[in-house]
Amino acid sequence: MPIASRAASLLLASALLAGTALPSFAQGAPTQSEQAGTAAGPAAQEGEWKTWSSIIQPTKYGESFQHYDYVNPKAPKGGALRLSAPGTFDSFNPFPVRGTPAAGFAALGGGIAYDTLLDQAPDEPGTSHALIAEALRYPADFSSATFRLDPDAKFQDGQPITPEDVIWSFETVTALSPLYANYYRSVTKAEKTGEREVTFRFNQTGNRELPNIMGDLVVLPKHWWEGTGPNGQKRDITNPTLEIPVGSGPYRVKSFDAGSAIVWERVPDYWAAAKAPRIGRFNYDEIRYTYFRDQSASWEAYKRGGFQDYRLENSAGRWAQGYNFPAFNDGRVKKMAVPSGTGEPMQGYVMNTRREKFADPRVRQALTLAFNFQDMNKNLFYGLYKRTSSYFQGTELASSGLPSEGELKLLEPLRDKIPPEVFTKPFTLPDYSQPNAERTYLKQAFDLLTAAGWTRKGSQLVNARGEPFTIEFLAADPSSSRTIDPFANQLKRLGIQTTTRIVDVSQYQALSNNFDFDIVTDLMAQSLSPGNEQREFWTTPAASLPGSRNMAGIRNEAVDALVDKVIYAPDRDSLVTAVHALDRVLLWNFYVVPQWNNPEIWLSYWNKFGMPEKQPAYAGIDPFSWWVKGEVPVNTPADAAAAEKADPSAPPAIPPAQPPVTP
């Protein structure tokens, strides 16, 4: 399965969300004299108006934010950005669980179709700037947050964005989307508290994240969704639709071929074009997505040119050997490695603990011991990847060694609910580069399976009822078998029978949304400011909520308690400590067999772009800050001929499994 940095995966989705941001005690520039009030007056009680917020560090722009310092504020507009998308689509409504949204729409956030109350900064972690809301304020106990809407904010049909739109959007998306339902679970009410003001009330105090993540709320046009469509029927936001919606963002749908292609056009009178977060960005007149059945087809189209103008490479083999085609050799295609500033996401084989065979942590640990990363890295990945050993890899949030004193204060009350190794052993993964490692680790795995009640019967592992241990790997791309087969061969040596089921993207989405799988490969991207979204990743309520990101089905009281410690951490140091503790408990429960990560973003592109001299340090790249300097020849006879040849970067065939391990 592909690997990607957090920033890369979000950019591919055209969302450019910098993750879950947290507010800070520092204040941005006030915008109007509405701040009037003494320390004892209402304004002081509710907090002063701010145009930005950040918890990790004050924004570098201070009170005079004009535009992001990495952009070219005079970047020319024009030209087209061509991108590829996987599978197919059947909806322009990303909020219900049903349906597969078209590229450009986002399940969480606005994508390129809709704006949000605040805009998350690509160049600073945990920082948001005013967008639809020109300012926000909140009281010292974080019991509510009030947003004052920009009087210029409007939808693409010219209608103003009102408090009623904000309230309706909040109520609608939290009812439809498990992502939003978990994200805003602590919000009890949204109400109009002024001509241009909306206040969100919270059910608890002390959650410093809530005011800022309310800024991530997408704002939809109530009047359009409650209106009548061209068919004469009332629109229904609870269902998928291919009627082109009215948005508020920088782009709108121009045309589409259902399931195959979608073209977005830049809104010429976009209301926020002169706002600081938008200056120098969203420069393309059109963004064209073409859908391909799988990654191999997308790669061959990329080599021809004309379908995909840049590529965030996720194949080590391709990066090492695949860039040997005419367009690259003659300079029409370039590539570069960009450091990732966001840390690396946990990517791994996720075991569905809702199924009895994965309920015992000893079974999950056995599968983790059977995974030979070192051989795969050598034989398939050219030694370019690093092993992932934390859910917060590459950041200060990753746990290491034994628990600190601060962590122990959180862990001790939960001692009877968490694995004892959390207190006594640093978490480590098997290292198959050591002599005799394979036999050692497979023997340990077999012993764990035996202790969990599985026994050998011939070449099969069976439970007390005589039922064989079988695993079906679910994937949406035929190339996934290249990374599944080596692991499957190891499991076969333990007596576990495996199959790989490849389905189309829509079916994969439906199966994963309903948790109808044994094992899937999933990527769990995190921000540098974890908060409310942790509930959706790990907690008991999310385990039974279709479409949630708790793919493993985790139901663990200790995890639930530690997630609350993360959310209600009173300061940065406390947050880091709580995340360390959560990371340890997740790792020692072996919900995921960790795979690998790439500490760089591998970018290749057709040499048609002008680019700022620097890119955002946090996101790594921002393709929306580029512009078209001029087209280059594509799909020449040489390009077409090269695309027809066998891919030299394709991984070698996987040899069959060796004989089973003996007890």
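From a predicted model like this one, the values you see are computed outputs, not experimental measurements.
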Lys/Arg cation over aromatic Trp319: Lys335, 6.0 Å, 45° cone: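 Checked: cation-pi criterion met.
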
If you draw the axis of the six-membered ring of Trp224, does the NZ or CZ of Arg235 fall within 45° of it and under 6.0 Å from the ring centre?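 Yes, Arg235 lies over the aromatic ring of Trp224.
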
Establish, from distance only, whether the side-chain atoms of [X] and [Y] form a donor-acceptor pair under 3.5 Å.
X      : Y      : answer
Thr59  : Glu124 : yes
Tyr183 : Ser177 : no
Thr388 : Asn597 : yes
Thr290 : Ser84  : no
Gln120 : Asp216 : yes
Ser91  : Asn93  : no

Check step by step if side-chain hydrogen bond (donor to acceptor under 3.5 Å, both in side chains) holds for His223 and Asp157. CA-CA 11 Å; His223 68 278; Asp157 61 359; 2.7 Å; yes

Pairing residues for [X] by the ring pair (Phe, Tyr, Trp, His ring centres under 6.0 Å) criterion, not counting sequence neighbours:
X      : value
Phe517 : none
Tyr291 : Phe89
Phe371 : Tyr349, Phe487
Phe325 : Trp299, Tyr323

Quick one: side-chain hydrogen bond (donor to acceptor under 3.5 Å, both in side chains) partners of Asn377, sequence neighbours excluded?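 Partners of Asn377 by the side-chain hydrogen bond (donor to acceptor under 3.5 Å, both in side chains) criterion come out as none, since no residue qualifies.
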
Under the rule for side-chain hydrogen bond (donor to acceptor under 3.5 Å, both in side chains), what residues qualify as partners of Thr238, not counting sequence neighbours?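 Checked Thr238 against side-chain hydrogen bond (donor to acceptor under 3.5 Å, both in side chains); matches are Asp236.
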
Nearest 0.5 Å, please: how far is [atom2] in [Y] from [atom1] in [X]?
X      : Y      : atom1 : atom2 : value
Phe537 : Asp522 : CZ    : CG    : 8.0 Å
Asp294 : Ser296 : CG    : OG    : 5.0 Å
Ser260 : Phe292 : OG    : CZ    : 10.5 Å
Tyr618 : Thr127 : OH    : OG1   : 9.0 Å

Tell me whether Phe307 at atom CZ has more than 12 heavy atoms from other residues, nucleotides or ligands lying less than 6.0 Å away.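 Counting neighbours around CZ of Phe307, 12 or fewer heavy atoms of other residues, nucleotides or ligands fall under 6.0 Å, so no.
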
Using a 6.0 Å cut-off, check whether atom NZ of Lys378 has over 12 heavy atoms from anything other than its own residue.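 Not more than 12 within 6.0 Å, no.
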
In sequence, state the C-alpha distance, the side-chain angles, and the governing distance for Ser390 and Met346, and then conclude on side chain to side chain contact (heavy atoms under 4.5 Å, CB included). CA-CA 7 Å; Ser390 168; Met346 169 62 80; 5.9 Å; no

Enumerate the residue pairs fulfilling salt bridge (Lys or Arg N to Asp or Glu O under 4.0 Å) with a member in residues 634-643, sequence neighbours excluded, ordered by first and then second residue.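 For residues 634-643: Arg332-Asp639.
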
Among residues two or more places apart or on two chains, list those pairs meeting salt bridge (Lys or Arg N to Asp or Glu O under 4.0 Å) that have a residue in residues 88-115.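 Those involving residues 88-115 are Asp115-Arg278.
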
Closest approach of [X] and [Y], non-hydrogen atoms and distance?
X      : Y      : result
Leu179 : Leu108 : CD1-CB, 4.2 Å
Arg482 : Pro486 : O-CD, 3.2 Å
Ala80  : Glu631 : O-OE2, 4.3 Å
Lys154 : Trp271 : O-CD1, 3.3 Å

Heavy-atom side-chain proximity of Phe105 to Pro245 below 4.5 angstrom: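 The answer is yes; the side chains approach within 4.5 Å.
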
Go through Asp69 and Lys614 one step at a time and tell me if the salt bridge (Lys or Arg N to Asp or Glu O under 4.0 Å) criterion holds. CA-CA 9 Å; Asp69 62 12; Lys614 63 178 182 177; 3.7 Å; yes

Step through it carefully: locate the ring centre of Phe381, locate the ring centre of Trp596, and say whether they are under 6.0 Å apart.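 Yes: the rings meet the under 6.0 Å criterion.
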
Ring centres under 6.0 angstrom apart (Phe65, Tyr68):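 Between Tyr68 and Phe65, which both carry aromatic rings, the centre distance is below 6.0 Å.
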
Could you go through Tyr61 and Gln66, starting from their C-alpha distance and side-chain angles, then the distance that decides it, and tell me whether this counts as side-chain hydrogen bond (donor to acceptor under 3.5 Å, both in side chains)? CA-CA 8 Å; Tyr61 299 107; Gln66 301 297 315; over 6 Å; no

For [X], enumerate each residue passing the salt bridge (charged side-chain N to carboxylate O under 4.0 Å, His left out) test, keeping only those at least two apart in sequence or located in another chain.
X      : result
Lys386 : none
Glu286 : Lys254, Arg288
Lys275 : Asp150
Asp285 : Arg266

Which is it for Lys303 and Glu644 under the salt bridge (Lys or Arg N to Asp or Glu O under 4.0 Å) test, yes or no, and what are the steps along the way? CA-CA 10 Å; Lys303 291 192 294 185; Glu644 295 297 330; over 6 Å; no

ring-ring contact (aromatic ring centres under 6.0 Å, His included) between Trp264 and Tyr251, intermediate numbers included: CA-CA 6 Å; Trp264 295 80; Tyr251 289 90; 7.4 Å; no

Can you list the steps and then say if Asp622 with Tyr70 is a side-chain hydrogen bond (donor to acceptor under 3.5 Å, both in side chains)? CA-CA 10 Å; Asp622 178 7; Tyr70 67 87; 2.6 Å; yes

Leu384 and Asn598: CA distance, side-chain angles, deciding distance, side chain to side chain contact (heavy atoms under 4.5 Å, CB included) verdict: CA-CA 8 Å; Leu384 295 177; Asn598 181 6; over 6 Å; no

Test Val263 against Ile287 for side chain to side chain contact (heavy atoms under 4.5 Å, CB included), laying out the working first. CA-CA 6 Å; Val263 179; Ile287 300 177; over 6 Å; no

With side-chain hydrogen bond (donor to acceptor under 3.5 Å, both in side chains) as the criterion, how do Asn329 and Asn324 come out once you've worked through the C-alpha distance, each side chain's angles and the decisive distance to 0.1 Å? CA-CA 6 Å; Asn329 294 334; Asn324 186 22; 3.2 Å; yes

